[in-house]
Amino acid sequence: MRHYFQSYLDRYPKQGTLRCSCGGEHALGTKKILLGDGVLEEMPSVFREHYRKDVKIWILSDQNTEKAAAEQCKRILSRFRFSSTVLPAVPRPRTSAEIIGCLCRIAGEYRPDLVLAVGGGTISDIAKMVSLNLAVPNWCVLTAPSVDAYSSGTAALKLKHRHKTEPAQPTEVIFADLGVLEQAPEVLFLSGVGDLLAKYLSFMDWKISALITEEHICEDTARMCLDSARQAMNAVKSLSSARRAAVQSLTDALLLSGLAMQALVSSRPASSAEHTIAHFWELAHTVGNPDLELHGLLVGLSCSILLAGYGEFYKNLRNWEYDLDNRLRILSAEPSWEQTLIPAVEPFREQMRDEMGEHLPGTEVYRTRLENIQKHRGTIIGLSDSLLRELQEAVEALSEISFPFSLSDYRLDVPQALLPMRYIRPLRNRYSSFNLIHEVGAEAQVLEILERRVQSIR
Ligand SMILES: [Zn+2]
Ligand SMILES: [Zn+2]
């Protein structure tokens with residue numbers, strides 16, 4: 001079976017940029033991805049393809065990923081020159097400026113030709129930043145199908161009250177060995193699947209934004225990301241009979257998702273309001289159970305909540321009546337978001353300022369959007385109907401394999417869970433269903449539905 005990520009990589013010329021059918025130009029720094037059985041054993045030959053024998057490698061892992069794969073990698077690379085750093089497993093490593101700075105000094109003293117990350121999303125992100133700082137390439141060995149960040153061109157830096165997506169050095173060569181990935185803890189597998197749930201919503205929101213705000217969309221990239229997620233969800237449904245196939249399909253979809261973000265230089269193909277919510281929960285330290293404080297799990301939980309609100313809203317959109325001029329008057333007279341902040345979200349004011357900046361829509365922008373909503377109403381209803389039905393099926397399939405969908409699993413309380421829902425628009429300058437809901441005047445109703453939903457899963 002041909003992997004989705006391979007079909008995507010094959011479109012790109014070896015050097016330079018792809019002139020895409022969407023009218024844009026995209027570039028990828030990732031050159032090669034190996035996914036399959038025993039691909040770690042191929043490392044020496046892949047190294048020889050790219051480097052002379054005296055290449056100096058700096059290997060980064062943590063105590064968990066050391067056992068999962070790094071020890072094995074070091075055995076396989078015993079004929080090569082390398083130095084390595086193993087971070088402690090506890091506290092869990094974070095992609096912070098302090099850790100990156102410290103590792104840049106350690107790795108820098110060794111003067112490596114290449115950084116090799118062996119680990120999950122955090123180790124991979126840290127290594128991409130060290131690689132950028134030292135101006136040497138980085139490769140990666142995946143230890144879990146837990147996130148889609150491995151193949152993205154960015155790293156998610158954890159600042160005090162916000163995530164900062166920083167440009168990083170894209171990973172040139174990626175090894176995804178099924179023997180290793182299959183052994184990853186179940187919770188990391190579920191995290192990867194949870195992150196994929198977002199594909200239905202991010203595809204829907206991107207398409208809707210293209211119709212309403214005329215935002216640029218790369219149809220090919222968007223479609224492939226959705227299709228790969230669909231394939232992975234199908235594989236997950238038959239998990240008990242074919243775990244390896246599910247892990248392979250999931251990893252394929254996650255790798256493609258990362259490549260799509262790298263090519264578009266934006267997380268648009270993979271992330272919409274559900275990610276804004278998950279990031280907020282994480283940064284506001286609302287999750288009381290550290291074992292489940294994983295990006296993909298939080299994304300999956302927020303998708304299941306949004307499903308209820310979006311489902312009702314889009315079902316009723318056909319009959320939703322509003323007077324355009326009246327809506328414009330109301331939208332123009334609204335207080336600014338800064339006046340509506342409650343103390344609990346105060347720490348996010350700076351982030352919101354950065355996001356909103358100059359981007360507050362004026363009356364004319366609202367007029368165009370409302371006209372476009374009228375014009376494309378049928379298309380939007382058809383699109384949301386089929387995608388939300390698929391998402392519903394996916395959520396049900398994940399319930400069957402014990403994905404944590406209750407707030408109590410996370411020790412997340414109701415008010416905290418609801419907190420970001422009121423501030424989706426200022427928290428991120430990216431058009432989502434929340435904007436559409438706000439523009440047609442259905443925000444209060446949808447927030448009520450979301451509240452009922454959150455209460456029902458407490
Ligand atoms: Zn994600
Ligand atoms: Zn394109």
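Note that ligands are numbered from 1 as they come in the structure, with each ligand's atoms numbered from 1 the same way.
- Applying the side-chain hydrogen bond (donor to acceptor under 3.5 Å, both in side chains) test between His275 and each of Arg428, His295, Arg430 identifies His295 as the sole match.
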Item to check | Verdict with supporting geometry, Asp125 and Lys128, salt bridge (Lys or Arg N to Asp or Glu O under 4.0 Å) | outcome: CA-CA 5 Å; Asp125 270 3; Lys128 283 188 280 184; 3.5 Å; yes
Next on the checklist: Run the salt bridge (Lys or Arg N to Asp or Glu O under 4.0 Å) test on Lys199 and Asp148 for me, step by step, so that the C-alpha distance in whole Å, both residues' side-chain angles and the decisive distance to 0.1 Å come before the verdict.
Outcome noted: CA-CA 11 Å; Lys199 293 297 175 299; Asp148 58 10; 3.8 Å; yes
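- Between Lys31 and Glu172 there is no salt bridge, since no side-chain N of the basic residue sits under 4.0 Å from a carboxylate O of the acidic one.
- Sorted by chain and number, the protein atoms of type N, O or S within less than 2.8 Å of the Zn ion (ligand 2) are Cys20 SG, Cys22 SG, His26 NE2, Cys218 SG.
- With a 6.0 Å cutoff to the six-membered ring centre and a 45° limit on the axis angle, Arg425 does not count as a cation-pi contact of Tyr431.
- Within Asp195, OD1 is the N, O or S atom that lies nearest to the Zn ion (ligand 1).
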Going by atom type alone, with no hydrogens or angles, which donor-acceptor pairs under 3.5 Å involve a side-chain atom of residues 22-30 and a protein atom two or more places apart or on another chain?
from	atom 1	to	atom 2	distance (Å)
Glu25	OE2	Arg19	NH1	2.7
Thr30	OG1	Thr171	O	2.8
Thr30	OG1	Gln262	NE2	3.0

